[in-house]
Asker: 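Questions regarding the structure given below will be posed in turn.
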Amino acid sequence: MTDQDDSGERIAKYLARAGIASRREVERMIEGGRVKVNGKTLDTPAFKVTGSEAIEVDGKAVGEKPATRLWRYHKPAGLVTTHRDPEGRETVFDKLPGDIGRVISVGRLDLTSEGLLLLTNDGALARALELPSTAWMRRYRARAFGRIDPRAIETLKKGVTVEGIKYGPMEVEIERETGSNIWLNVGIREGKNREVRKALDAVGLKVNRLIRTAYGPFQLGDLGKGEIKTVPARVLQDQCGHLIDFVKPDGEAVAKKRAPVRSRRPGATRTSSGGQQLRRAKTTGGPQRKGPRK
C-alpha cells in the first residue's frame with residue numbers, strides 16, 4: 001500500500017497516540033495484517049495518515065485521537081500488569097472502570113508489587129516517561145528480611161551488577177527495623193525488570209513487600225488500594241509538556257514548550273520599544289519583591 005499523504009504522521013505513532021498499543025506493538029499488529037486504512041491492509045509501519053482516513057484494527061474502527069490523559073492508580077498486590085495473561089490471572093486492566101476507555105501502563109509493577117502505577121491513553125507519553133533519558137526517579141518503600149550494613153548501602157549507591165546486568169546507582173535510606181525485617185526507602189532512575197528486588201538480593205536482603213510511592217513528580221499520596229484518579233490537565237501539561245506534543249479535545253496539536261531564551265550577562269540592559277533602557281531583574285527562583293527596598 002503506497003498512496004498516502006506525506007504531511008501526516010506514521011500509522012504506528014498515530015495508533016499509539018490513540019491508545020491502541022505501544023508503537024512496537026502496533027508494528028507487530030501491522031506485520032500480522034491486523035491494521036487497515038481505507039479498506040486496504042497495511043504492510044508497513046512507515047505508512048502515514050492524517051486522521052481523516054478510515055482506520056481499522058482487528059476489524060474495529062479507530063476514532064479520532066482523544067485528548068492526552070494520565071491517571072494515578074494504586075495497584076494492589078496479586079494483579080499482573082498486562083492486557084492479556086496466558087495463565088489466566090487477573091490483570092490491572094480487568095479492575096479498571098469501563099468508562100476510561102483503553103489505556104496502557106507506564107512501565108510495570110510485578111505480580112506481588114503494589115503502589116503507584118501510571119496509566120495513559122497516549123502511547124507516545126507512555127514511551128517518553130519510560131525512557132532512561134527522561135531520568136525520572138521511581139521511589140519505593142521496601143520491606144526486606146535481613147540486615148544491612150553501611151558498606152552494603154554504599155555498594156547500592158554506586159550501582160551493582162547481577163548476573164551480567166548492570167543496575168545504576170540507587171538512593172537508599174533505612175526507615176526502620178522491625179524484628180527480623182528492615183524497611184528501606186529506595187530510589188531508582190532506570191526501572192529495569194525487578195531492579196529493586198534483584199539489587200537488594202545482591203547485598204543479602206530478601207524483599208517481601210515492595211510499594212512504589214512515586215514516579216517522577218507524581219505521588220501515590222492517599223490513594224486507596226484499587227483507587228484511580230485523573231491527573232489534572234494543567235498539571236499534566238506542566239510536568240510533561242516538554243516531552244511530547246499534547247492533543248487537545250478538538251484534535252489540535254499543542255506545540256512543545258520552547259527552550260528558555262539564553263540570558264544576557266548579569267547587569268546587562270535592554271531597550272524597550274519606546275527607547276527606554278530597562279535593567280534585567282535578578283533571578284531568584286521566586287517572585288520578585290515590589291515597592292522600595294528596605
Asker: Yes or no on side chain to side chain contact (heavy atoms under 4.5 Å, CB included) for R209 and E114, after CA distance, side-chain angles and deciding distance?
Answerer: CA-CA 8 Å; R209 190 175 182 189; E114 54 192 290; 3.0 Å; yes
Asker: To check you understand the geometry: which heavy-atom pair defines the closest contact between L109 and L116, and what is its length?
Answerer: CD1-O, 3.6 Å
Asker: Can you confirm whether R143 is buried at CZ, in the sense that more than 12 heavy atoms of other residues, nucleotides or ligands lie under 6.0 Å from that atom?
Answerer: yes
Asker: Applying the 4.5 Å side-chain criterion to the ILVMFWY set and letting contacts propagate, would L210 and L200 be lumped into a single cluster?
Answerer: yes
Asker: Would you please say whether a donor-acceptor pair under 3.5 Å links the side chains of T230 and R69?
Answerer: yes
Asker: What are the two closest heavy atoms between E190 and R138, and how far apart are they?
Answerer: O-NH2, 3.6 Å
Asker: Dump the intermediate steps for side-chain hydrogen bond (donor to acceptor under 3.5 Å, both in side chains) on N181 and T178, then the final yes or no.
Answerer: CA-CA 5 Å; N181 288 306; T178 56; 5.0 Å; no
Asker: Can you name the nearest heavy-atom pair linking L117 to G107, along with the distance?
Answerer: CD1-O, 4.0 Å
Asker: Please find the pair of heavy atoms, one from S105 and one from E130, that lie closest to each other, and give the distance.
Answerer: O-OE2, 3.5 Å
Asker: Salt bridge check, D149 against R151: does any charged N sit closer than 4.0 Å to a carboxylate O?
Answerer: yes
Asker: Would you indicate whether the side-chain heavy atoms of R23 and R127 approach each other to under 4.5 Å?
Answerer: no
Asker: Once the angle between the rings of H83 and F93 is folded into 0 to 90°, is it parallel (under 30°), tilted (30 to 60°) or perpendicular (over 60°)?
Answerer: parallel
Asker: How far apart are the closest heavy atoms of T82 and T91, and which atoms are they?
Answerer: O-CB, 3.1 Å
Asker: Just by modelled atom types, is the A67 backbone N or O under 3.5 Å from a matching donor or acceptor in the N121 side chain?
Answerer: yes
Asker: Less than 4.5 Å apart, side chain to side chain, heavy atoms only: is that true for I165 and N193?
Answerer: no
Asker: Determine whether R197 and T112 satisfy the following criterion, side chain to side chain contact (heavy atoms under 4.5 Å, CB included), listing intermediate values before the conclusion.
Answerer: CA-CA 11 Å; R197 295 178 185 275; T112 56; 3.0 Å; yes
Asker: Does atom CZ of R102 have more than 12 heavy-atom neighbours, drawn from other residues, nucleotides or ligands, at distances under 6.0 Å?
Answerer: yes
Asker: Test of understanding: clusters of I, L, V, M, F, W, Y form through side-chain heavy atoms closer than 4.5 Å, transitively. Do L129 and W71 belong to the same one?
Answerer: no
Asker: Can you tell which of R89, K192, R194, K198 makes a salt bridge (Lys or Arg N to Asp or Glu O under 4.0 Å) with D110?
Answerer: R194
Asker: Take atom CG of D222 as the centre, draw a 6.0 Å sphere, and report whether it contains more than 12 heavy atoms from other residues, nucleotides or ligands.
Answerer: no
Asker: Check the surroundings of atom NZ in K166: do more than 12 heavy atoms from other residues, nucleotides or ligands lie under 6.0 Å from it?
Answerer: yes
